[in-house]
Amino acid sequence: PTDISGPDYLQIPPGTVERIEIIHGGSSVLYGDNATGGVINIITKDGLRDGSSASMEWGSFQSEKYSVETSASRGKASYYLYSGYSDSKGYRDNSQVLAKDGQARLGYDVNAQVKLSLETGWHEDDYGLAGGLSSSEMEQYGRRGTADPENYGNTKDRFIRLSSELMPVDDDGSFGTVYLDYSHRDRDTYGWYDYAVWGATATKREIITDGFTLKYAISPEIKGHDLKLVTGVDYYDSVNRILGSGSGASLSTDDLKIIKKEVGLYGLAEYEVVDDLFANSGVRRQEAKYFFDRYDTPFFTTKDPQETLFSGGLRYEYAERSNVFVKAEETFRFLATDEWYDTWSGLNTDLKQQRGIEYRAGVRHDMGGVVELSASPFFVINKDEIFLDPTLGGQGKNSNYDRTRRLGIDLGKKVHLLKMVEVPVLAFWDISSGYTYLEPEFDGGKFDGKLIPMTARHQASLGMNAGFKNGLSLDLTGRFTGSQYAINDTYNTTAKVKSYVVLDTKVSYKFKSAEVYMGVNNILAEKYYSCVVKSASGTNKDYFPASERSVVLGMKYRF
């Protein structure tokens with residue numbers, strides 16, 4: 001969503017996920033605001049399958065999860081219902097999370113050309129804010145301790161979405177498909193912070209977003225060659241009301257409203273120029289209007305950023321499931337309503353919108369369905385990239401880099417072992433691996449030549465999944481993350497945060513309508529940090545320890 005600066009994955013209960021698509025690289029022309037580095041497209045379940053299920057899970061740190069779901073179709077109508085509850089004490093002190101969810105989706109096919117759906121959901125969570133630990137605090141409290149035992153937050157989120165799919169046809173064939181969506185979301189967040197030096201402060205935010213999207217897709221054949229065309233309009237209206245309260249003179253007592261109205265028009269086409277050679281191009285026009293209105297002090301101002309973006313590329317399918325491609329795409333990111341404001345530093349209307357361009361090439365080669373290979377070099381340039389300096393010296397606010405560039409390559413490999421060697425007891429046996437090399441540097445400005453912090457040069461993954469014909473399956477995955485500078489060490493003055501390897505595994509067994517499983521995360525009990533923050537001056541750091549080894553046990557029953 002465009003109304004928050006980062007996705008909240010707690011909003012997507014795992015039981016509602018049908019599949020996940022990963023799109024590498026900038027995709028601003030099609031997906032719009034914030035799609036600067038890639039897209040994670042999470043597709044949730046529909047109600048086309050009859051049946052119900054209940055699941056239970058228990059794990060380390062006094063964790064427990066329960067959920068039930070049911071779906072069915074009756075003639076032209078279908079429905080899907082989900083309810084979930086999860087509770088965990090957390091790896092660290094004051095890192096507990098309690099979450100409750102409910103979702104419903106109703107579908108109705110008026111006829112073969114008109115499909116309608118109504119989706120609604122509710123989410124609520126309460127959580128502790130363990131915060132970071134300095135080296136001395138780590139010695140005093142340990143990795144699992146906290147220096148901020150009183151800090152906490154909570155979220156309430158409600159949404160409703162109306163969708164329609166229209167497929168007009170006549171005697172000459174299809175005229176494409178029209179997708180029309182309306183969504184309304186009301187999200188409340190509250191954060192409480194109590195520090196001995198500055199006192200206690202709290203911030204409440206309510207973000208209400210209305211969205212309207214219209215998309216038209218058609219795939220005609222012109223002179224024996226395929227054409228794919230997608231065009232549409234996105235409109236979002238977000239209102240963020242912020243109310244702060246603090247007991248110290250320097251703490252937030254702000255009372256303000258930030259409004260963002262945004263509209264985007266786009267078109268994307270791909271045409272088969274000659275057999276197996278496809279050319280694609282796209283354009284998007286994006287306009288936004290911000291209103292900043294303070295009630296505690298006389299202040300009102302507006303901003304109206306505008307961007308026109310282009311993309312283009314070629315793809316040649318030289319064999320079945322194999323192709324080479326080149327593409328270039330301009331990207332952009334308009335600030336979300338909550339990125340203009342921080343509890344500690346207040347409103348900052350001097351921020352600039354982000355603009356960039358990405359060049360990417362690649363090859364995907366299939367070797368007879370046995371081995372799949374891929375390689376994709378890329379070069380990304382961003383201007384006014386938005387970043388967060390979480391230290392009080394940086395005033396804990398968003399700011400802009402001058403100019404950044406990222407040069408790298410993605411490599412991937414997948415092997416279907418059963419097509420190489422016959423193992424009668426196995427139903428499937430696959431191995432996959434990936435590696436990314438990245439040169440992330442500042443290009444100009446006061447950080448010129450320095451590495452972009454919290455960005456590893458080397459990342460790698462390795463996974464194996466095998467399934468036995470008797471219902472037993474095994475998954476083993478590992479990932480390597482190379483060394484990197486603390487998230488705000490833009491001058492590269494301190495030692496890098498060390499590299500780490502995390503290995504996870506899961507064993508499951510399905511029989512009839514039941515499934516039981518066991519998972520072990522971070523098998524090697526690697527001690528690493530999800531984030532490291534450098535102090536405003538000097539070399540002191542705050543560390544955010546990630547969980548060591550943990551175990552989960554679960555079962556699911558379908559009926």
Side-chain angles (χ1 to χ4, degrees), residues 1-3 5 23-39 41 178-181 209-218 227-238 258-271 278-292 301-315 325-337 339-340 349-361 378-387 398 400-406 443-444:
T2 59
D3 57 0
S5 55
I23 302 169
H24 292 270
S27 301
S28 291
V29 169
L30 182 60
Y31 288 94
D33 205 347
N34 287 299
T36 58
V39 173
N41 190 20
V178 177
Y179 303 89
L180 180 63
D181 286 4
T209 301
D210 290 289
F212 172 87
T213 62
L214 173 64
K215 182 174 70 173
Y216 174 65
I218 188 170
L227 171 67
K228 294 181 180 180
L229 175 65
V230 178
T231 185
V233 57
D234 304 327
Y235 174 78
Y236 291 96
D237 186 346
S238 299
I258 302 174
I259 299 173
K260 179 183 181 182
K261 298 180 182 291
E262 184 174 27
V263 62
L265 302 172
Y266 65 91
L268 189 66
E270 182 181 72
Y271 180 63
F278 299 83
N280 62 77
S281 63
V283 61
R284 171 179 282 265
R285 173 65 177 178
Q286 195 84 5
E287 298 182 0
K289 185 79 172 182
Y290 294 92
F291 302 86
F292 304 90
T301 190
T302 62
K303 288 182 176 292
D304 53 351
Q306 302 176 10
E307 292 287 356
T308 301
L309 312 164
F310 298 93
S311 68
L314 293 171
R315 186 181 83 256
F325 72 90
V326 292
K327 77 166 190 173
E329 177 150 359
E330 294 179 299
T331 63
F332 78 105
R333 187 159 98 76
F334 290 166
L335 284 104
T337 57
E339 290 185 298
W340 297 95
T349 58
D350 293 329
L351 288 168
K352 301 175 183 177
Q353 313 292 350
Q354 180 177 318
R355 178 73 186 263
I357 187 168
E358 175 177 332
Y359 304 95
R360 182 178 284 266
F378 57 87
F379 181 52
V380 181
I381 300 173
N382 285 323
K383 184 180 179 182
D384 298 320
E385 182 175 333
I386 303 163
F387 77 101
N398 287 302
N400 297 104
Y401 291 142
D402 293 317
R403 180 181 161 104
T404 60
R405 65 180 183 90
R406 292 168 172 84
D443 186 15

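What you see is a predicted model; the values in this text were computed from it and never measured.
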When rounded to the nearest 0.5 angstrom, what distance separates OG in S238 from CG in D210? 8.5 Å

Do you know the tightest heavy-atom contact between V39 and S27? CG2-CB, 3.9 Å

Nearest 0.5 Å, please: how far is CZ in F278 from OH in Y271? 10.5 Å

Quick check for you: to the nearest 0.5 Å, what is the distance between Y216 atom OH and T231 atom OG1? 10.0 Å

I'd like to check the side chain to side chain donor-acceptor pair (under 3.5 Å) partners of T302; sequence neighbours left out, ordered by chain and number. none

Sorted by chain and number, sequence neighbours left out, side-chain contact (heavy atoms from CB on, under 4.5 Å) with D443 holds for R403, R405, D448

Set of residues satisfying side chain to side chain donor-acceptor pair (under 3.5 Å) with respect to K228, sequence neighbours excluded: none

Please report the interatomic distance OG1(T331) to CG(L309), rounded to the nearest 0.5 Å. 7.5 Å

Given side chain to side chain contact (heavy atoms under 4.5 Å, CB included), test F212 with L180 step by step and report yes or no. CA-CA 8 Å; F212 172 87; L180 180 63; 3.3 Å; yes

Tell me, yes or no, whether the heavy-atom count around K383 atom NZ, taken from other residues, nucleotides or ligands under 6.0 Å, exceeds 12. no

I need the L30 CG to Y266 OH distance, nearest 0.5 Å. 6.0 Å

For Q286, the side chain to side chain donor-acceptor pair (under 3.5 Å) test, sequence neighbours excluded, returns E262, R284

Across all chains, not counting sequence neighbours, the side-chain contact (heavy atoms from CB on, under 4.5 Å) partners of L229 are I218, A269

Take L214 and Y235, measure what side chain to side chain contact (heavy atoms under 4.5 Å, CB included) needs, and give me the verdict at the end. CA-CA 9 Å; L214 173 64; Y235 174 78; over 6 Å; no

Examine distances only and state if a side-chain atom of S28 and a backbone atom of A35 form a donor-acceptor pair shorter than 3.5 Å. yes

Quick check with a 6.0 Å cut-off and a 45 degree axis cone: is R315 positioned over the face of F325's six-membered ring? no

Would you say the side chain of Y290 lies within less than 4.5 Å of the side chain of P305, judging by non-hydrogen atoms? yes

Once side-chain contact (heavy atoms from CB on, under 4.5 Å) is applied, do any residues pair with T213, and if so which ones, sequence neighbours excluded? D181, D234, Y236

By side-chain contact (heavy atoms from CB on, under 4.5 Å), I386 pairs with (sequence neighbours left out) R333, L335, E339, Q354, N398, N400

What pair of heavy atoms forms the shortest contact from V326 to A361, and how long is it? CG1-CB, 3.9 Å

With sequence neighbours left out, the residues meeting ring pair (Phe, Tyr, Trp, His ring centres under 6.0 Å) with F387 are Y401

Hey, could you give me each pair passing salt bridge (charged side-chain N to carboxylate O under 4.0 Å, His left out) that has a residue in residues 303-312? Not counting sequence neighbours. E307-R355

Heavy-atom closest pair, residues S311 and L268: OG-CD1, 3.9 Å

What verdict does the side chain to side chain contact (heavy atoms under 4.5 Å, CB included) test give for K260 and F334, after you've listed the backbone C-alpha separation in whole Å, the side-chain angles of each residue and the deciding distance to 0.1 Å? CA-CA 10 Å; K260 179 183 181 182; F334 290 166; 4.0 Å; yes

Of all residues at least two apart in sequence or in a different chain, which pass the salt bridge (charged side-chain N to carboxylate O under 4.0 Å, His left out) check with K261? D237

Show, in sequence, the C-alpha distance, side-chain angles and deciding distance for F379 and I381, and conclude whether the side chain to side chain contact (heavy atoms under 4.5 Å, CB included) test is met. CA-CA 7 Å; F379 181 52; I381 300 173; 3.5 Å; yes

Option passing side chain to side chain contact (heavy atoms under 4.5 Å, CB included) with F332 (candidates T36, D33, N34): D33

Test N382 against every option in T404, D402, I357 by the side chain to side chain contact (heavy atoms under 4.5 Å, CB included) rule and name the one that passes. T404

Could I get the full list of side chain to side chain donor-acceptor pair (under 3.5 Å) partners for D384, not counting sequence neighbours? none

R406: which residues meet the salt bridge (charged side-chain N to carboxylate O under 4.0 Å, His left out) condition with it, sequence neighbours left out? E385

